[in-house]
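Here's the structure we're looking at; comments come further down.
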Amino acid sequence: MLGATAPLSQLNTGAHGDRVGRRDRVRPSSICVVGAGHVGLVTAACLAELGHRVTCVDTDEGRIETLRSGTVPFHEPGLETLIERHCASDVLKFTTSYKEALEGVDFIFVAVNTPSTPEGAADLRYIRRAVRQIGRALKDSRPIIVNKSTAPVGTAETVDHILRQEAGSLGELPVVSNPEFLREGTAIKDFMKPDRVVLGSHDREAARRVAELYGPVEAPVLITDPETAEMIKYASNAFLATKISFINEIASICEGVGADVSQVAQGMGLDKRIGPQFLRAGIGYGGSCLPKDVKALAHMAGLYGSHPQLLNAVLQINVDQRRRLVHRLRQTLGSVEGATVAVLGLAYKPDTDDVRDSPAIDIIRLLDNEGATVRAHDPVANQNLAEILPDVTYCSDPYDAVNGCDAVIIATEWPQFLDLDLEQVKARMRRPVLVDGRNLFHPDVVRGYGFTYLGIGRPDHLEEPLVLEPQPKEA
Ligand code: UDX
């Protein structure tokens, strides 16, 4: 295997895909990014940061206007600064015109969304539409088409097929699958310092040219066929989701046997083969990727005659986590009918205003179905949730949210909730019950204020772990 900085000519072709040594300086290219959503904008801004000339095209005129005025329509740390800087130096442009965006480009990145269909499949409508537009707008240039949208195995083929239909006179255009592994909140860092870059294409030369775009990014590049690259994306997200559902199942067992899941996760994570990440028990994963990607992979498995029992269990456990929480609250209160419940934290994780597939939505719906009144608060996501659940009372202040409540549920682990004055919270509530859906608080601290505390997978009496580090050996 070659190091990431070995020259491009030294390629090692093996059964496990190519690891490519790359140049550490960028040769500036002209790039079009299709789609000004989360992935598209981060990709466009970061490619500009790497030294390329980038035009980002989206058919949503309002969004393009907003971006031209220097505003990013969602919360992503560092993105606005990058966009401002590169727009000011004219390296990054925004347009609604495919014709303008494709003028003389060497690469076209497709970064449009692939929502779930009611059956759980990935909906390819936006990819098809974008590729058709590209095919029609291309005149005589032959750029490399790079697909960043998360799409089922076989999508590179579909893209190729549409291009032949729409831009047949240009002959076959190279298509490369380049899945993204960007987390909301750290997307810029994830792009600039990724663990790996995955490229899938039958055209190895095209894949190597895409690898060169990443120039100074210090990460191994894995080049495979397109089907394998597309599968790497799904398998990675499904594995992360599996880790979360696994620890959530362990948490339920912990509740039965009286063990503490946080310490179980700590003990497991010290094993380097397991690792500590994605072992935080809670009310399950949400967001725009994990839920839809696990469903899409399970759906794909079914199409090819497999019974994806593990994936189905991962999905089921994720739904059950929310139900279990409401069940435990029902047991504690006797009934939730007629109760008033505060839900603190509406985003699917902290540091984002994104509420897509947020566990808080399911919890509020379950409470509402059982006749409870919900008062909700999130530091930044109130407005986004109000568009989905307009009948909830939204409070700009957490103390206001808990007024007269029979229970408060922590649904997102916003760190500022740790600074809440629990004395004041308790004084405002009708019954002091705190349901910690993210194990944010120390149970003894909360109980010390006179609350009934319900965490995820935590015993009634928590004993702190004791870690004895090995002593350095004497010389
Ligand atoms: C995820 C993937 O991490 C990223 O690689 C992919 O490209 C997009 O999907 P993201 O959705 O931004 O990124 O969030 P992530 O930080 O992965 O968290 C996903 C969900 O899992 C959140 O709801 C989070 O609260 C939950 N989670 C995460 C847990 O419940 N426990 C954990 O230990 C970790």
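These figures come from a predicted structure and were not determined experimentally. We count ligands from 1, going down the list as the structure has it; atoms in each ligand are counted the same way.
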Considering all heavy atoms, the nearest Ala298-Leu315 contact: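 Heavy-atom minimum between the residues: CB-CD1, 4.4 Å.
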
For [X], atoms of ligand 1 separated by under 4.0 Å from a heavy atom:
| X | result |
| --- | --- |
| Glu180 | 7 (O) |
| Leu290 | 19 (C) |
| Arg438 | 25 (O), 30 (O) |
| Leu240 | 3 (O) |
| Cys289 | 8 (C), 9 (O) |

Report yes if some heavy atom in the side chain of [X] is under 4.5 Å from a heavy atom in the side chain of [Y]; otherwise report no.
| X | Y | answer |
| --- | --- | --- |
| Arg375 | Val341 | no |
| Arg280 | Asn439 | no |
| Leu367 | Ile363 | yes |
| Asp436 | Ile456 | no |

Start with the C-alpha distance between Tyr214 and Asn178, add both sets of side-chain angles, then the distance that settles side chain to side chain donor-acceptor pair (under 3.5 Å), and finish with yes or no. CA-CA 12 Å; Tyr214 285 90; Asn178 176 207; 2.6 Å; yes

Any nitrogen or oxygen of [X], main chain or side chain, under 3.5 Å from a nitrogen or oxygen of ligand 1?
| X | value |
| --- | --- |
| Leu279 | yes |
| Arg280 | yes |
| Ser288 | no |
| Gly286 | yes |
| Glu184 | yes |
| Tyr348 | yes |

Looking at [atom], what's its closest protein heavy atom, distance included?
| atom | result |
| --- | --- |
| atom 3 (O) of ligand 1 | Arg183 CG, 3.3 Å |
| atom 27 (N) of ligand 1 | Ile244 CD1, 3.4 Å |
| atom 20 (C) of ligand 1 | Tyr285 CB, 3.7 Å |
| atom 17 (O) of ligand 1 | Phe278 CZ, 3.2 Å |
| atom 2 (C) of ligand 1 | Asn237 OD1, 3.7 Å |
| atom 16 (O) of ligand 1 | Lys349 NZ, 3.1 Å |
| atom 4 (C) of ligand 1 | Leu182 O, 3.6 Å |

Counting only heavy atoms, which portion of Thr352 has something under 4.0 Å from ligand 1: side chain, backbone, both, or neither?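 Answer for Thr352: neither.
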
Ligand 1 contact on Lys233 by region, counting heavy-atom pairs under 4.0 Å: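 Only the side chain of Lys233 comes within reach of ligand 1.
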
Run the salt-bridge test on Glu255 and Arg328 with the 4.0 Å N-O cut-off and return the result as yes or no.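 Looking at Glu255 and Arg328, the cut-off is met.
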
With a 4.0 Å cut-off, would you call Arg330 and Glu370 a salt bridge?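 Yes, charged N to carboxylate O under 4.0 Å.
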
Start with the C-alpha gap between Ser201 and Arg209, add the side-chain angles, then the distance that decides, and say whether side chain to side chain donor-acceptor pair (under 3.5 Å) holds. CA-CA 11 Å; Ser201 183; Arg209 285 190 55 207; over 6 Å; no

Report, as yes or no, whether the 6.0 Å neighbourhood of atom CD on Glu463 holds more than 12 heavy atoms from other residues, nucleotides or ligands.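 Not more than 12 within 6.0 Å, no.
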
Taking CD in Gln416 as the centre, count heavy atoms belonging to other residues, nucleotides or ligands within less than 6.0 Å. Is the count above 12?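 Counting other residues, nucleotides and ligands, CD of Gln416 exceeds 12 neighbours.
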
Six-ring centre of Tyr348, Arg356 cation under 6.0 angstrom, axis tolerance 45°: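 No; the conditions do not both hold, so Arg356 does not lie above the ring face of Tyr348.
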
